[in-house]
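Because the structure is predicted, anything quoted here is derived from the model rather than measured. Computed over heavy atoms, backbone and side chain alike; hydrogens, waters and symmetry mates excluded. Order of the sequence lines sets the chain letters (A, B, ...), proteins ahead of strands, with each chain counted from 1.
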There are 6 protein chains.
Amino acid sequence: MDFMKLKEAAKKIVDMEVRGAAKIARFAAETLLEYAKSLEGDFDGEMRKAAEILLNTRPTAVSLYNAINYVMQYSGNTADEKREDLIRRAEEFIRWVDAAKKEIGKIGVRRIKDSSTILTHCNSSAALSIIKEAHKAGKDIEVFATESRPRLQGHITVKELRKEEIPVTLIVDSAVRYFMRDIDYVIVGADAITVNGALVNKIGTSQIALAANEFRVPFMVAAETYKFSPKTLAGETVVIEERSPEEVAPKELLSLGVEVRNPAFDITPRRYIDLIVTEIGAIPPEMAYLVIKERFGFELPTEEELTLMPEHYD
Amino acid sequence: MDFMKLKEAAKKIVDMEVRGAAKIARFAAETLLEYAKSLEGDFDGEMRKAAEILLNTRPTAVSLYNAINYVMQYSGNTADEKREDLIRRAEEFIRWVDAAKKEIGKIGVRRIKDSSTILTHCNSSAALSIIKEAHKAGKDIEVFATESRPRLQGHITVKELRKEEIPVTLIVDSAVRYFMRDIDYVIVGADAITVNGALVNKIGTSQIALAANEFRVPFMVAAETYKFSPKTLAGETVVIEERSPEEVAPKELLSLGVEVRNPAFDITPRRYIDLIVTEIGAIPPEMAYLVIKERFGFELPTEEELTLMPEHYD
Amino acid sequence: MDFMKLKEAAKKIVDMEVRGAAKIARFAAETLLEYAKSLEGDFDGEMRKAAEILLNTRPTAVSLYNAINYVMQYSGNTADEKREDLIRRAEEFIRWVDAAKKEIGKIGVRRIKDSSTILTHCNSSAALSIIKEAHKAGKDIEVFATESRPRLQGHITVKELRKEEIPVTLIVDSAVRYFMRDIDYVIVGADAITVNGALVNKIGTSQIALAANEFRVPFMVAAETYKFSPKTLAGETVVIEERSPEEVAPKELLSLGVEVRNPAFDITPRRYIDLIVTEIGAIPPEMAYLVIKERFGFELPTEEELTLMPEHYD
Amino acid sequence: MDFMKLKEAAKKIVDMEVRGAAKIARFAAETLLEYAKSLEGDFDGEMRKAAEILLNTRPTAVSLYNAINYVMQYSGNTADEKREDLIRRAEEFIRWVDAAKKEIGKIGVRRIKDSSTILTHCNSSAALSIIKEAHKAGKDIEVFATESRPRLQGHITVKELRKEEIPVTLIVDSAVRYFMRDIDYVIVGADAITVNGALVNKIGTSQIALAANEFRVPFMVAAETYKFSPKTLAGETVVIEERSPEEVAPKELLSLGVEVRNPAFDITPRRYIDLIVTEIGAIPPEMAYLVIKERFGFELPTEEELTLMPEHYD
Amino acid sequence: MDFMKLKEAAKKIVDMEVRGAAKIARFAAETLLEYAKSLEGDFDGEMRKAAEILLNTRPTAVSLYNAINYVMQYSGNTADEKREDLIRRAEEFIRWVDAAKKEIGKIGVRRIKDSSTILTHCNSSAALSIIKEAHKAGKDIEVFATESRPRLQGHITVKELRKEEIPVTLIVDSAVRYFMRDIDYVIVGADAITVNGALVNKIGTSQIALAANEFRVPFMVAAETYKFSPKTLAGETVVIEERSPEEVAPKELLSLGVEVRNPAFDITPRRYIDLIVTEIGAIPPEMAYLVIKERFGFELPTEEELTLMPEHYD
Amino acid sequence: MDFMKLKEAAKKIVDMEVRGAAKIARFAAETLLEYAKSLEGDFDGEMRKAAEILLNTRPTAVSLYNAINYVMQYSGNTADEKREDLIRRAEEFIRWVDAAKKEIGKIGVRRIKDSSTILTHCNSSAALSIIKEAHKAGKDIEVFATESRPRLQGHITVKELRKEEIPVTLIVDSAVRYFMRDIDYVIVGADAITVNGALVNKIGTSQIALAANEFRVPFMVAAETYKFSPKTLAGETVVIEERSPEEVAPKELLSLGVEVRNPAFDITPRRYIDLIVTEIGAIPPEMAYLVIKERFGFELPTEEELTLMPEHYD
C-alpha cells in the first residue's frame, strides 16, 4: 500500500463507506499493517504521519483512537524489527476485534431467558451477536428494532435478523416508550464507554435507556473493551460529532431558514445501565475505570497523548 | 348537502385530508350543519345515521365524539324546530373551536418568559397558537421542532413558524433528550385528555414528557375542553389507533417478513404534566375530572351513549 | 329488635363475625333500622345511644362512621315521623351499598384489557366485583392473590374466584415484587380514602403500591364513596387499628418476651395510585376532596361531629 | 386618614415595617377602610387611586392583590352607600384574616401526633398557629427552625416559640437535609398558591421540600385562601421579587465587583407538597384550582383585571 | 465416610435439615473432607462423583458451588498427596466460613449508632452476627424481625435474639413499609451476590430494600465473599429455586385448582443497596466484580466449569 | 521545634487558624518534620506522642489522619536513620499535597465547556483550582458562590475569584435550588471520601447535590486521594464534628433557652455524585474502594490502627 492508497483508505472512513465503531477500528489496524508492509524510508516518521491521517478521519471516535494507539506502540531497533512488531500488534488487534464480538455473544446469551422480547437500536454487530446467539441456542426470541433516523440503520438490522429468520418488528423511534411494557431486555452497542460508566452511542440511545429504566426493563450494553476511553480517565470528555443538516431536512426547508441540529450520538449516564457485556466478562458500568486501567495501563495518558489532537477536544 | 356529499365529507376524514383533533371536530360540526340544512324526511333517523357515519371515520377520536354529541343534542317538536336548533348548536360548537384556540394562545403566552427556547412535537394548532402569540408579543423565542415520524408533521410546523419568521431548529425524534438541557418549555397539543389527567397525543409525546420530567423542564399541554373525554369518567379507556405499516417500512422490508407496529398516539400520565392550558384557564392535569363534569354534565354517560360503538372499545 | 339484640349485633362487629368496610357499614344501617322499628320512649336519646354503641365497635372505621351519620340525619316532628324518616334513610343507605358495588364492577371492567393478569390483596368485594365482571364479559384474565397475613383473607379470595372458575395463583405477601413484572393491573379495595387522596387499606397494600409504581403497573382502587372520610377535610387523620399479638405470634414466642406489632391497615399516598373507581365514576385520587364535598356537604364537620369520639383520634 | 397618611401607610409596606403576606393584606384592608371613612369628592376615582398606590408597594404580593380586590368590589349608588359597602367589605376581609389563622391552627393541629419534631422555615403566623395549638393541646412537640438568611426571620420564630416555652433548636439553612431524618413534619406558610398547586414562599422553601420528599417526611403548608392566586388561572405566573444586594453582601465585597442575586421567594412544585391546610379544610395542592374558583368566582379575570399592573408581570 | 454416608449427607441438604447459604457450604466442605479421608480406588473419579452429588442437592446455590469448587482444586501426584491437599483445602474453607462470620460482625458493628432500631428479614447468621456484636458492645439496640413466610424463619431469629436478651418485635412481612419510618438500618444476609452487585436473598428482601430506599433508610447486606458468584462474570444468571406449593397453600385450596408460585429467593438490584459488609471490608455493591476477581481469579470460568450443570442454568 | 512549639502548632489547628482538609494535612506533615529534626531522646516514643497530639486537634479529620499515618510509617535501625526516613516521608507527603491540587486543576478543567456557569460551595482550594484553570485556559466562565453559613467561607471564595477577575455572584445558601436551572456544573471540594463513595463535606453540600441531581446538573467533587478514608473500609463511619452554638446564634437567643445544632459537615451519598476528580484521574464515586486499596494497601487497618482514638468514633 502506497501513500495514495492510504489516503483512499482514509477517505472510505470519512465517506462512511466503512462505519461502525468496531469496523473502523479493525479497518484502521489493517490499513496501518498494509502500509507498514511496503513502507520504505523513515519508518517512525511515516507511520506517525499515517496514524495521524487515519485519526483525523473520525477524530472523535474512541475505538479508532484505541486501535491506532495499540498498533503504534511497536518497538524495535531497526526499521525491519519495528515493522515486524507493528505487524504483529496489528494482527493481534484484529484478532482482538474478531474474538471479542464472538465472546460477547457467548457471554451475553446466558442472560437471555427463553421466550423473550428484545429491543435494539441502530445496527450494532456486538448487540446482534448476542441476539443471533440466542436464536441459535433455540431460545424463542422476538426483536423490536427502531428505524434509527436519520440514517435508518434499523433497516439494516431488520434485514440481518430476517436472514436468520428471527421474528422482528420495526417501529419508529418515537414509539419506544409505547412498547416498553412488552420488552424484556434492551440490548444496544457502544461507540464509547467513559471512565465513569457513561455510554456514548447512536443518538436516541439515552432516551431508550430512560424509558427502560422507567419500566425497570434491563438495559444491557454490548461493548468490546477497545471502546473504553482511556482519555476520560484524564478528564477528557467524549466529543459528540454533528453531521450534515441534509441528513435530516429536505433542501426546501433549509432554504426557508430552518436550522438543523444533527448530533450523531448521545450520552447515557451509568444510572440507566444494568450491565455491560464485554469480552472479559459481564460488568456493571461503574467498573469502566477498572477495565480502562487493566487494558490501557495504570498510568494516566501523557500530556502528549492527550494533546495529539487538541483541536478536537474542548 | 345530500347523502353522497356527506359520504364524501366522511371520506376526507378517513383519508386524512382533514386531520388533527381540532380540525376534524370542527369539520364534523360543519358537515352535520350542512347536511341538516337540506335534509328532508325522517330528521331524527337521518341525522342519527349521518352522525354514525361521521363517528366511524375515526371512531377513537375524542374530539370528534364530543363534537357530534354536542351538535346532536338538539331539541324541538317539529323537524324545522329541530333543524334550527341543530344548526344553532353546530354554529355554537364551531365558534367554540375558533375561540378556544385563540383564548389558549392568550392564556398560554403569559407563562412564557422572554428569551426562551421551546420544544414542540408534531403539529398542534393550539400549541402553535401559544408560540406565535409569544412571538407577536415581542418575546425573543426560539423553537425546537421534532420531525415527528412517520408522517413528518414537524415539516409543517417549521414552515408555519418560519412564515412568522420565528427562529426554528428541526431535529430527529431521537435527539429530544440530547437537547433537553437547553429547553425552557415543552409545549404540545392534545388528541384527548382522560378523567385521570392523562394526555393522549401523537406517538412520541410520552417519551418527550419523560425526558422533560427528568430535567425538570416544564411540560405544558394546550388543549381545548372539547378534547376532554367524558367516557373515561365511566371507565372507558381511549383506544390507540394503529396505522398502516406502509407509513413506516418500505415494501422491500415488508416482503422479507418484517412486522411493523405503527400506533398513532401514546399516553402521557399526569405525573409528567405540569399544566394544561385550556380556554377556561390554566389547570393542573388532575383537574380533568372537574372540567369534564363542568363541560359535559355531572351525570355519568348512559349505557347507550357508551355502547354506541361497542366494537371500538375493549 | 330490643336493646339486648342491639348489643348482640354490636358484638358481631367486635368479634369480626361481620367484617369488611362495606359489610359493617351495611350491617350498622340495618341494625339501626331494626332497632328504630320497635323503639319506644325517647326516640332521639335512644337512637343516639344505639348509634354510639355501634360506632364504638370499630371506632376507627370510616365506612361505619359514614353509615351511622347518614342514617342518623333523620328529621321529623314526632317520634313516628322520625322513625319513618330514619327507616327511609337506612333503606337508602343499604341500596347505596348494593348499587355501588355493582356499578363499580361495571365501570372498572372497562379498564381491563383482554388477556390480563391482575394482582389483588386481601378480600375486597368491590375489587372482586371488577374482576368477576371482567371474567363474565369473556375477557381472558388470570389473578394473583396474596395470602394476606395474618388473617389469610387471601384464602377466601381464591375460593371465591375458583367458584367462578377464574384461574388464580396464590403467593405469599413477600413475593409481590418478584411477580410484579408479569402483572398488568393491581386492583385493591379500600377501608377509607382521605381528603388528600391517600388510601387506607389492609396492611401490605402500600408496599404493593410501591412495587407497582416501580414497574409502572397501573394501581387501581375500588372504593364506594361512603368510604371517603369527611373528617379528614377537617384535618383528622385516619387512626390505624392495631390487633392482637396472638394473630401473629404463637404463645411460645410471646412467652419469651417477643413483642408483636400488628397494625390492621396501612396508608398508600396518592402518588402511587393511578385511579379510584367509585360508583360515580373513575377518578384520580386527588379528586377525593371533591367527592367528599359533593357527598357530605360543603361545610366542614362541626366541632361536635368531630369530637363525638375524641378518645379515638389523636 | 388623608392622602398624606395614606402615603405614609403605603411606605410602611415598602419599608417592610409591615411585612408578611397575611399582615400586609390585613393592613391594606384597614388602610382602605380608614381612607374611605374620611374621603370626600370623587369616591370611585380617589379610592381607585388609593388602591393603586397600595398595590404598587409590593406589586407581586398575591395576598395584597386579593385584599385590595376584595375590598374594592364595593357597590352602591351614592358615595355614602359605596363608602358603607366598602367599609363592610374591608371589615369582612379583616375578620377573614383573623378567623382564618385561628381555624388553620385548629385544623392543622389534628394532623400532629404526640411526641413529634417539626421543622419550620422563616416566620409564618399560620404555620406557627398550628405549632402553638399543638403545644397548647398538650402534645409533646419540639421545633427545628432555620435561621432564614438573609433577613434571619428564624430569630423571630424561635423567640415566639420560646415565649410559649416550646423546645426549639436553631440551625443554619444549610443544615436542613442533615436533620431531615429526625423530623416528623415540615410546616411552612405561604406567600402565594398558584392554580396548579405550586407554593410561592420564602427563599429556601423549595429545597426544604425537596429534602422532605427525599426522606418522605410530610410537607404541610398553612395557607389562608386569600393567598391563592386567581390570576394564575389566567396563565399569569407569580413574579419573584428580588431584594437589595446589601441584604446579602458587605459593601467590601460589592466594591470588588461581586454580583449578588437575592430573590425573596422560590417556588415549590405540587409534587413535593402533601397537604395544604386552609381555613376551609385540609386539601391536596391539586385542589388549588377549585379553591380559587370557589373563592374568586368561576369566571376568568378580565383582561382589565389582569393588566392593571402590566409592567410587573412578564 | 462411605458412599452410603455421603448420600445420607447429601439428603440432609435436600431435606433442608442443613440449610442456609453458609451452613450448606461449610457442610459440603466437611462432607468432602470426610469422604476423602477414607476413600480408596480412583481418587479423582470418586471425588468428582461425590462433588456432583453434593452440587445437585441445591444446584442453584452459589455458596455450595463455591465451596465445592474451592475444595476440589486440590493437586498432587499420588492419591495420598491429593487427599492430603484436599483435606487441607477443606479445612481452609471451613476456617474461612467461621472467620468470615466473626469478622463481618466486627466490621458491621462499627456502622451501628447507639440507640438504633434495626430491621432484619429471614434468619441470616452473618446479619445476626452484626446485631449481636452491637448488643455485646453495649449499644442500645432494638430489632424488628419479619416472620418470613412461608417457612417462618423469623421465629428462629426472634428466639436467637431473645436468648441474648435483645429487645425484638415480630411483624408480618406485609407490615415492613408501615414501620420503615422508625427503622435506622435494614440488615440482611445473602444467598448470593452477582457481578453487577445484585443481591439474591430470601423472597421478600427486594421489597424491603425498595421500601428502605423510599425512606432513605440504609440497607446493609452481610455477605461472606464465598457467596459472590464467579459464574455471573461470565454472564450466567442466578437461578431462583421454586419450592413446593404445600409450603404455601393448604391441600383444600390446591384441590380447588388454586395454583401456587413459591420462589425461595428474589433479586435486589444494586441501586437499593448502600453497603455490603464482607470479611474483607465494607464495600459498595458495584465492587462485587472486583471481589469476584480477587477471590476467584482474573480468568473467566472455563466453558467446562460453566457447563458442569447445564440443565440448571437457562 | 521543641515540645512547646509543637503544642503551639497544634493549637493553630484547634483554633482554626490553620483550616481546610488539605491545609491541616500539609501543616501536620510539616510540623512532624520540624519536630523530628531537633528531636533528641526516645525517637519512637516522642514522635508517637507528637502524632497523638496532632491527631487530637481535629480527631475526626480524615486528611489529618492520613497525613500523620503516612509520615509515621518511617523505618530505620537507629534514631538518625528513622529521622531521615521520617523527613523524607514528610517531604514526600507535602509534595503530594501540592502536586495533587495542581493535577486536579489540570484534569478537571478538561470537563468544563466554554461559556459555563459553575456553582461552588464553601472554600475548597481543589475546586477553585479547576475553576481558575478554566479561566486561565480562556474559557468564558461565571461562578455562583454560596455564602456558606455559619462561617461565611463563601466570602473568601468570591474574593479569591475576583482577584483573578472571574465574574462571580454571591447567593444565600437557601437560594441554591432557585438558580440550579441556570447552572452547568456544581464543583465542590471534600473533607473525606468513604469506601462506598460518599462525600463528607461542608454542611449544605448534600442538599446542593440533591438539587443538582433533581435538575440533572453534573455534580463534581475535587478530592486529593489523601482524603479517602481507609478506616471506612473496616466499617468505621466518619464522625461529623459539631461546632459551637455561638457560631450560629447571638447570645440573646441562647439565653432564652434556644438550642443550637451546628454540624460542620454533612454526607452526600454516591447516587448524587457524577464524578470525583483526583490527582490520579477522574473516577466515579463507586471507585473509592479501589483508590483506598491502591493508596493505603490491600490489608484492612489493624485493630490497633482503628482503636488509636476509640473515643472519637462511635
Side-chain angles (χ1 to χ4, degrees), chain A residues 121-122 142-152 154-155 158-159 161-163 165-180 182 202-211 213-214 240 245 247-250 252-254 256-263 265-268, chain B residues 121-122 142-152 154-155 158-159 161-163 165-180 182 202-211 213-214 240 245 247-250 252-254 256-263 265-268:
Chain A
H121 184 54
C122 197
E142 202 189 319
V143 178
F144 273 67
T146 57
E147 53 175 19
S148 309
R149 283 279 297 155
R151 296 183 74 95
L152 299 171
H155 290 191
V158 299
K159 274 185 215 165
L161 293 172
R162 286 309 298 152
K163 209 171 281 175
E165 310 211 327
I166 300 171
V168 63
T169 300
L170 185 70
I171 59 173
V172 295
D173 301 306
S174 274
V176 166
R177 187 175 175 276
Y178 184 86
F179 291 107
M180 195 51 86
D182 303 322
K202 175 62 49 195
I203 189 75
T205 302
S206 77
Q207 64 200 37
I208 294 173
L210 182 66
N213 181 67
E214 191 195 9
I240 300 301
E247 284 187 5
V248 176
E252 177 213 356
L253 292 182
L254 296 173
L256 296 173
V258 172
E259 297 291 319
V260 169
R261 291 290 305 275
N262 185 19
F265 311 108
D266 64 15
I267 297 175
T268 302
Chain B
H121 184 53
C122 197
E142 204 190 316
V143 178
F144 273 67
T146 57
E147 54 175 19
S148 308
R149 284 277 298 153
R151 297 183 72 96
L152 299 171
H155 291 191
V158 298
K159 275 186 216 165
L161 293 172
R162 286 309 297 154
K163 208 171 282 174
E165 310 211 326
I166 299 172
V168 63
T169 300
L170 185 69
I171 59 173
V172 296
D173 301 308
S174 274
V176 165
R177 187 176 175 278
Y178 183 86
F179 291 107
M180 195 52 86
D182 303 323
K202 175 63 45 195
I203 189 74
T205 302
S206 77
Q207 65 200 39
I208 295 173
L210 182 65
N213 181 66
E214 191 195 9
I240 301 300
E247 284 187 4
V248 176
E252 178 213 355
L253 292 181
L254 296 174
L256 296 172
V258 172
E259 296 290 320
V260 169
R261 291 289 305 272
N262 186 18
F265 310 108
D266 65 15
I267 296 175
T268 302

Can you give me the closest heavy-atom contact between [X] and [Y], atom names plus distance?
{"X": "A/Arg261", "Y": "B/Ile171", "result": "O-CG2, 3.8 Å"}
{"X": "B/Lys159", "Y": "A/Leu256", "result": "CG-CD1, 3.6 Å"}
{"X": "A/Asp173", "Y": "B/Gln207", "result": "O-NE2, 3.0 Å"}
{"X": "B/Ser174", "Y": "A/His121", "result": "OG-CE1, 4.1 Å"}
{"X": "A/Ala249", "Y": "B/Leu170", "result": "CB-CD2, 3.9 Å"}
{"X": "B/Ala211", "Y": "A/Leu210", "result": "CA-CD2, 3.7 Å"}

Neighbour count above 12 (heavy atom, 6.0 Å) for A/Glu259 CD: no
Chain A contact via [X] - which portion, at a heavy-atom distance below 4.5 Å:
{"X": "B/Phe265", "value": "backbone"}
{"X": "B/Pro263", "value": "side chain"}
{"X": "B/Glu165", "value": "neither"}

Among [options], residue most engaged with chain B (heavy-atom pairs, under 4.5 Å):
{"options": "A/Leu253, A/Val158, A/Asp266, A/Val248", "value": "A/Leu253"}
{"options": "A/Ile240, A/Thr146, A/Ile208", "value": "A/Ile240"}
{"options": "A/Val176, A/Asn262, A/Thr205", "value": "A/Val176"}
{"options": "A/Lys163, A/Met180, A/Lys202, A/Arg149", "value": "A/Arg149"}
{"options": "A/Ile267, A/Leu152, A/Leu161, A/Val258", "value": "A/Val258"}

Close side-chain approach of B/His155 to A/Pro250, heavy-atom, < 4.5 Å: yes
Interface residue of largest heavy-atom contact number with chain A, from B/Glu214, B/Glu252, B/Arg177, B/Glu147, under 4.5 Å: B/Arg177
